[in-house]
> 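Have a look at this one before I ask anything.
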Amino acid sequence: MSQFASVLSQLFPGLVPILAAALGGLATEYVGVLNIALEGLIMAGGFSYVAVGSAWGPEAGFVAALAVPAAIAWLQDLYARKARADAFVVGLSVNLLVPGLASLLSQLLFGTKGVVADPSLASARLPRLLPGLPVLGPLFGLQRLSDWLALSVAFLAAAVLAWTPFGLRARAAGMNPESLELAGVRPGRIRGQAYLLSGLACGASGAALAAAIGAWVPNLSAGRGWIALVAVYLGAKRLGGTLLASLAFALLLALANAAQALHSLPADLIAAAPFAVTAVVVVAGAFLRRAKRPAVPAGGGNRAGRPPA
Amino acid sequence: MKRTLVALAAVAALLASCQGRTPARDLASVAVFVPGVASGSPIYEMLVAGAEKAVAGIPGARLKVIEGGYDQSTWLDKLRDIAASGEFDLLVTSNPALPELCAKIAADWPELRFFIADGYLEGNPAIHTVLYNQAEQGYLVGYLAALVTMDRNPGGPLVAGLVAAQRYPTLDRLIQPGFEAGLKAVDPGFRLEYREIGNWYDANKAAELARSVFDAGARVILPIAGGAGLGVVSAATELDRSVVWFDGAGYQLGPDTVVGCATLAQDRLVEERVKALLEGKRLFGTADIVGAADGYVGFDPGGPAYAALPAELRLRFETAIQDLREGKPDFTLTGF
Amino acid sequence: MKRETGDLEPLAPVPPSRNVEALRRLGLSAGLSALLVAVLAFLASSDPGSTLAGFFLSPFRARNAVPSMLEAAAPLAICALGALLAFKAGHFSLGGEGQLYAGAFMAAAAGAAVVPGPAGFLAAVLAGMAGGALVAAPAAAGKRWADADVLLTSFLVSQVALYTVDWAIGGPFRDTGNNLVAMPAIPAPSLLPRIMSPSTLTPAPLVALALAVGLWFFMSRTREGTMLSLYGRNPLFARLQGFPVGTLSWLPIVAGGAAHGLAGAFLALGSNGTAVRGMSGGLGWSAIGVTLIAGNEPLAVPFAALLFAWLDLGARQAAIISDLPPDAAMIVKALVIMAATARPLLRRLGGIMRGGRP
Amino acid sequence: MQLLACSGIHKRFPSTGTQALAGADFFLEKGEVHALVGENGAGKSTLARVVCGLLEPDAGTLSVDGRPVRFRSHRDAERSGIGLVPQHSMLAPGLTVAENLALGHEPRRGLAFFDGRRAVYEAAMLADRFGFSVPPDARVSDLGPSGRREAEILRAVARGSRVLVLDEPTSILSEEESSRLFALIRRLKDAGTGIVYISHRAREILELADRVTVLRDGRTLATVGARQLDECSLAELIIPTGACASEGGSRGSAAEPVLEFRGAMTAGGAGLDLTVRSGEIVGVAALEGNSLDELEDLAAGVTVPGARQLFLRGRELHGDGRDAAARREVAYLPTDREGRGLSARSPARDNLLASRLRGYSPRAYAGRKRPREDAAGLAAAFGIRGDLSRPADALSGGNRQRLVAARELDGRPGLVIAANPAQGLDPAARASVFRRLLELREQGSAVLLLSQDPLDLAELADRSFILYRGRLSPIPPEGLQEGRLSSLLTGAFA
């Protein structure tokens, strides 16, 4: 029972960063582009939280953590569109650029490339809301304010995608940009806004990670952006699916942490599991889709995101 | 066109003047290679501080600090660059993994000399190493962890945690056995909860693992995790549990959380040895092991959380420190 | 949404030939790198002068730095050539990192197991290539049998390989006597011979160069190469022409994997002497950057790889001499890759450099 | 006053180098149905897109109610009351009908939320008003062709159209669906809407239109009152060379069957049976939307046929990589020259030699001399001008067309699939391609000729069929002789 409660209590802090980033990935998938830069954007969020927060307090830090990655993502898309560069390659560069810049700025601002700790940035735990309950207690009580804040941003992103005119337009842009042309909406603008949302959500993820430990640690995201991306694909690029897949991964990782107590499985192999599962799902999904739809040009259908050959 | 020629000539002249530099005979130019990041890492901060003090005492000696970052697979290239730059006579560093790498460099650059603290390699004529008896350090924090656990949770489970970045020989052979020996010296019923992060940076995962250790009943954790150790401290702070720290100067990370902090007199050691080497002492080829008896492994009682512990507990612990200095229990190492 | 890949752009004037474009791209990348380095030196360093000296002079002045730079460029170029082959066939394989790592692991395992000497060397090289190909295989099979997205599957399998090799090097295959997380050393007779000790130079750069020429020949002088590039740009066309699309849909991916494995084997058989945990260290990603900067021209790849090797070495040298963080190289690389894919921008710049109007 | 006036409209597409419009004029009165006709590629759809603000003209003026206007997006056109029913779907397939209608004008609830229920309600009201049966909450991808078309029309009229542009609206509709559409058009017309009606179907045009404007090569040829026309004269207007004058004789059926369809299914209808024998040209004609493209896809191996439905020389074709060897004896001149006939970013020379790569020894190919000479020879024979070492898409449109023809029609293919072979060719090139097809027949090739242009059939085919609403019916010889092709095609005989 206590093991179970332990897994549950770990589920939430593990879930928030992955979920927020996954929604960020979903935002651009809605408009039909893969934002490979989630990892970099999470780091941008985490670093901004600490860099701005240590100067002007955690509230300002949180705002910066949202604003900076949003701006980066928006610029990233603007550059890709205006310079006709491949969106995918630009995303890859952002993944290289952000850790480099963070390290450089960290050196300039704090005189270290390493850990920047500021205990005042560590987010406070909320009071235990539901003390007596065995399951809900650990799940809902005793969690960090920052996690709840980041979760609200994630929820906001989900709401924007699901229930606003923007979400509708984004989906239309991803399915058939011409439908927007007839509606008098510029698909490029929608794409830019989707990137903006993507950066915002990733920023929330980064802020949650940094606030949980009250510090900037190089490589803060530690692969969570990739897992988020994988969750989007495992969730079939749909809102509900992405939520479920994120939850499944968070559960898997929490279980893996708990399983270490048993010394049964090496940590590295557990870390490989989400990727292996998703690879199987992606291939099986493609196979089924192809079996269902025989009239597809075999050996044709290159993905749109090809390198400039 | 003309301008290009002039520029080329200038570059050529510059190159020629650089080539003409005569290499120094004596050891005078020191490179400190930090296999990680100095700031925030006490043992590396002491490495730098000790080397700086030593160099300051020798007229004409120069010092340059180069940070290698946490990615161990890049260290060899970086060391090679330092050697290849031809700027340095003595390379000072500190990490159990470094002797092997430095031996590779020494094979290619025979005139370069190495001093490695916290590592062990005997018989290489270019390399001098000094190993800390990490088992003693582990024993100290283990003993304290056991006392704190029993004080905080009388009659509770006899469990303490060790959250490590990844496994490596010093951890397996010295730190962990020492830590367990410390726990069991207080009560043989103690059990160790070991967790592994998989890298030296994922502080969030460290925090999650620490929580699972605390959930398993532990009151105290020893993190051996570099930057990720911060996650253990923040988890302990939140859950009102405790952390014992390794390698010194951990109190400021969590004034109410870090109940004790074992120390290495790395700054003193590095200063002494570098100074000796620069003065021409023929130590290369030898490997020393230092420990509690000669004061290089110790304990820093200056933390607020330590001061807040019950006086009798502190008394018992300080007795244990004294015993260790006198060889009880005996962790003597003859080699590694 | 329609992807605005740069090459869809119809050009009013006749586009320059691929060679000219590759040259121009390389030149501009090098120029841009130099410019960015200078900017960073002034922004982020307290001593821009020696930082610049570190970047621009040390790599050419320090003892044996140039041969070491060649050596560092070799695996990068080999990976980039492997990636290029897959790209040419229209498969955007992102698995390089894992393929390289698996190659290094397999090479170290084989090199330590087989009798020292040429046999051990050969076994290590072959095992490395097999390791890389093995990691590429699931993505290739997924493409062949299910038409699954190579971009995604290759990345996913590569991640699995990275973690699995991490586990293997840190666990069952670890040299437990070593504080470095690494495998047992490969016996010296099985290693690549060192040519200019103390530099790290081995024959690997020659192999890379030979592979570049070989790939160039394959792509432009063989029927199969022509089919591959026609297929890569329009698979349906290739199928309607009766090309062996079944083979073309998987073999280039596996061959690219084998190339990454070869690079990994060279890493293990070079100065490291074994496989070290985290050895791939972003090389697979850098190789994609090299491919892009080389404009997908095999003959330009060695030069682009040298550019990246210089950036790495220059940044490390600048860090030794001055106080510029080595991450400066990462920033420069990222920006150069970004710029290299912007075709109209490149052309306009090229026009300016030729003295014409943009 | 004219409701809509376009004069001297020019539009050039730099990407393909085609001058789509070169001085088109078009005037629309209030409450009239004005048909816009012309050959494929005459510029009808381009003009429609200019009128609707989807393209900005290079030159020329647009005015609505006598006031000059300039449309930067469709929204501008919409503000002037112009709605479009495009030829190819511009709906977002994964959204519902109501969501598609709402796009760009979403009803809101609360501060910023999309009011999906109101969108459905509005769409239902609109559908009701026009007597449409399309369910507003259905996903577009789940709808049949008529449902989609209804959705398109609903979207066009949703903003209160004063001008409605319909581009080939009936191409995918059944007879009954079409007549419902016509009733709607009449009602809109009576309400004062001006309707631009683009169609190939003469009968529809004569039934609906008040006036007809004929485009040819991007210019306005004439505007004629519809009452002065009958089906034959309309067909004459659209396609200049006299259809009546053409002669096509059927030859004695030749020897060996090469390509056989045995009950091959298309989405549009029943199984198709068709045999093409060596030494004959079998022609199939149809208008757009009558599954001619599906037939092309099946024959060429783009789509996968059902089991045991398609045979080449008695061997079953699977429509995938297994057919590679069989494909090599098939010459295929696709309708979609760019998408299927070229790997456009590869050098023109590689494209030209793609079908004969296997003929070279590795040494000869590496030597480059022979391939270069062969390519130059082919280029000269088919009049391809341009640098062959540059990517094929650096060639001009006409040269690209000739490149595909040169590659496919050279040599001695066992089977030739020629889909719209004359499309986009100037008269001289057309004549040379046709000559070559006849030569191939004489040499014993089997030729399957698919065309939207009946004249192609009249000129070339030994046997002719018409494909109408998914069914294949033989055209009696008198059908060709009496010059009633257009009426045939519009369904009189089907």
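Note that the structure is a prediction, hence the values are computed from the model and not measured. Naming: A, B, ... by sequence-line order, numbering from 1 per chain.
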> How far apart are the closest heavy atoms of Ser234(B) and Ala212(A), and which atoms are they?
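Heavy atoms of Ser234(B) and Ala212(A) come nearest at OG-O, 3.3 Å.
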
> More than 12 non-hydrogen atoms from neighbouring residues, nucleotides or ligands closer than 6.0 Å to CG on Asp240(B), yes or no?
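No, because the 6.0 Å sphere around CG of Asp240(B) holds 12 heavy atoms or fewer from other groups.
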
> Which heavy atom of Leu230(B) sits nearest to which heavy atom of Ala215(A), and what is that distance?
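Nearest heavy atoms, Leu230(B) then Ala215(A): CD2-CB, 2.9 Å.
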
> For Pro13(A) and Arg211(B), work out which heavy atoms get closest and say how close.
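In terms of heavy atoms, the two residues are closest at CG-NH1, 3.7 Å.
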
> Sort Glu67(B) into side chain, backbone, both or neither according to what part of it lies under 4.5 angstrom from a heavy atom of chain A.
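Both parts, backbone and side chain.
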
> Where is the tightest heavy-atom contact between Gly227(B) and Val115(A), given as atom of each residue plus distance?
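Closest pair (atom of Gly227(B), atom of Val115(A), distance): CA-CG2, 3.6 Å.
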
> Output the residues of residues 220-231 of chain A for which the shortest heavy-atom distance to chain B is under 4.5 Å, in residue-number order; output 'none' if no such residue exists.
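The residues closer than 4.5 Å to chain B, in numerical order, are Leu220(A), Ala222(A), Arg224(A).
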
> Do Asp202(B) and Asn219(A) touch side chain to side chain, with heavy atoms closer than 4.5 Å?
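They are not in side-chain contact.
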
> Which pair of heavy atoms, one from Asn204(B) and one from Leu209(A), lies closest together, and at what distance?
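Smallest interatomic distance, heavy atoms only, reads ND2-O, 3.0 Å.
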
> To the nearest 0.5 Å, what is the distance between NZ (Lys205(B)) and CD1 (Ile213(A))?
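It is 14.5 Å, given to the nearest 0.5 Å.
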
